[in-house]
Amino acid sequence: MRRVDFDLREADPSELRRRDVQQFDIAESDFEIASMAWEAYRAPTPELCAGLLGRPLGKLSFLKPAMKDLLAELPSPATGLGATETRLLERIAGGHNRTDELFRPGALGTRVFDQWELGALLEGLAFGPAPAVAGLDGKLATLDPDNARSRNAAFRRSRLSLTEFGEAVLAGREDFRSHNPIKRWWGGTLLTNERLWRWDGERRLLVAP
């Protein structure tokens with residue numbers, strides 16, 4: 001197994017030979033750990049994934065920070081937002097009101113969602129019954145999800161700001177999920193308002209519905 005710490009898809013082929021790539025020999029026990037992690041992620045609740053944080057993972061130790069990143073995307077007990085949603089609000093509050101700034105690789109400091117998934121998260125923050133974000137082009141709510149060209153243009157036209165409610169959510173005074181619906185898959189777990197698993201990052205604690 002060769003382990004890389006950079007985006008292999010975006011890497012310049014001429015630069016690859018200069019990259020430091022770690023190589024490991026894989027044993028049967030490593031396949032068992034990988035299978036265990038995959039089954040945990042596919043499970044109907046995040047409990048097995050949270051349990052992996054306290055287990056030794058051998059040569060696959062990189063799975064632990066990856067699982068921490070995934071668990072951080074579960075809604076917070078205080079705000080109802082995942083880590084990336086929180087970073088979106090923080091960046092907008094800091095004056096970054098253009099989507100090309102927000103969607104730039106590495107701009108948010110989180111690694112779970114790609115550019116198109118960030119767009120869906122932003123729409124969820126802007127188009128619910130109690131929006132946290134203002135200024136997102138309303139056409140996005142009706143455009144075909146596969147119409148990438150028109151959607152990209154609508155994102156670029158947008159000039160974003162936080163609503164008063166969004167400021168309250170970011171400050172921890174309001175719970176976004178108490179006012180807005182959610183129906184999103186987290187691995188094999190379907191998150192809904194009635195079945196909303198949360199992650200307390202400070203205490204590293206999974207909070208059941």
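Since the structure is predicted, the reported quantities are computational estimates derived from the model, not experimental observations.
Closest of all the heavy-atom pairs between F165 and D175 is CZ-O, 4.3 Å. Minimum interatomic distance between L143 and A154 (heavy atoms only, all atoms of both residues): CD1-CB, 4.3 Å. In terms of heavy atoms, P46 sits closest to T189 at N-OG1, 3.5 Å.
Within the 3.5 Å criterion, the main-chain N or O of L170 finds no donor-acceptor partner in the side chain of R173. Under a 3.5 Å cut-off, the side chain of S178 and the backbone N or O of E174 do not form any donor-acceptor pair.
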Self-check item: Candidate pair L160 and L122, rule side-chain contact (heavy atoms from CB on, under 4.5 Å), full reasoning
Solution: CA-CA 10 Å; L160 308 174; L122 186 56; 3.9 Å; yes

Quiz prompt | Residues T79, F176; criterion side-chain contact (heavy atoms from CB on, under 4.5 Å); working and verdict | solution = CA-CA 6 Å; T79 65; F176 186 79; 6.0 Å; no

Practice problem: Give the C-alpha distance, both sets of side-chain angles, the deciding distance and a yes or no for side-chain contact (heavy atoms from CB on, under 4.5 Å) between L162 and L89. | Solution: CA-CA 7 Å; L162 294 191; L89 294 194; 3.6 Å; yes

Can you list, pair by pair, the side-chain donor-acceptor contacts under 3.5 Å of residues 201-209, counting residues two or more places apart and other chains?
unit_1, atom_1, unit_2, atom_2, d
R203, NE, D200, OD2, 2.9
R203, NH2, D200, OD2, 3.4

Please set out all donor-acceptor pairs under 3.5 angstrom arising from side-chain atoms of residues 30-37, sequence neighbours excluded.
unit_1, atom_1, unit_2, atom_2, d
D30, OD2, A27, N, 2.9
D30, OD2, K59, NZ, 3.3

Cut-off 3.5 Å, no hydrogens considered: what does the side-chain donor-acceptor table look like for residues 92-104, sequence neighbours left out?
unit_1, atom_1, unit_2, atom_2, d
H96, ND1, E101, OE1, 2.9
T99, OG1, F155, O, 2.9

Under 3.5 Å, sequence neighbours excluded: what are the donor-acceptor pairs made by side chains of residues 124-141?
unit_1, atom_1, unit_2, atom_2, d
D137, OD1, K139, N, 2.9
D137, OD2, R157, NE, 2.8
D137, OD2, R157, NH2, 2.9

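Looking at heavy atoms from C-beta onward, C49 lies in side-chain contact with W186 at the 4.5 angstrom threshold. Using a 4.5 Å heavy-atom cutoff, the side chains of P75 and L191 are in contact. For the pair L53 and L71, the minimum side-chain heavy-atom distance is below 4.5 Å.
No more than 12 heavy atoms of other residues, nucleotides or ligands sit less than 6.0 Å from atom CZ of R55. Within 6.0 Å of CG in D12 there are more than 12 heavy atoms belonging to other residues, nucleotides or ligands. Within a 6.0 Å sphere centred on CZ of R195, heavy atoms belonging to other residues, nucleotides or ligands number more than 12. Residue-environment remark: CH2 (W116) exceeds the threshold of 12 foreign heavy atoms within 6.0 Å.
Residue L190 shares its hydrophobic cluster (ILVMFWY side chains chained together at separations under 4.5 Å) with W185.
Taken together through direct or relayed side-chain contacts under 4.5 Å among Ile, Leu, Val, Met, Phe, Trp and Tyr, V112 and L63 form part of one hydrophobic cluster. L48 and L70 end up in different hydrophobic clusters when Ile, Leu, Val, Met, Phe, Trp and Tyr side chains are linked at under 4.5 Å.
For residues 71-97, the set of pairs meeting the salt bridge (charged side-chain N to carboxylate O under 4.0 Å, His left out) definition, not counting sequence neighbours, comprises E85-R177, E85-R184, R87-E90.
To the nearest 0.5 Å, atom CD of residue E194 and atom NZ of residue K183 are 10.0 Å apart.
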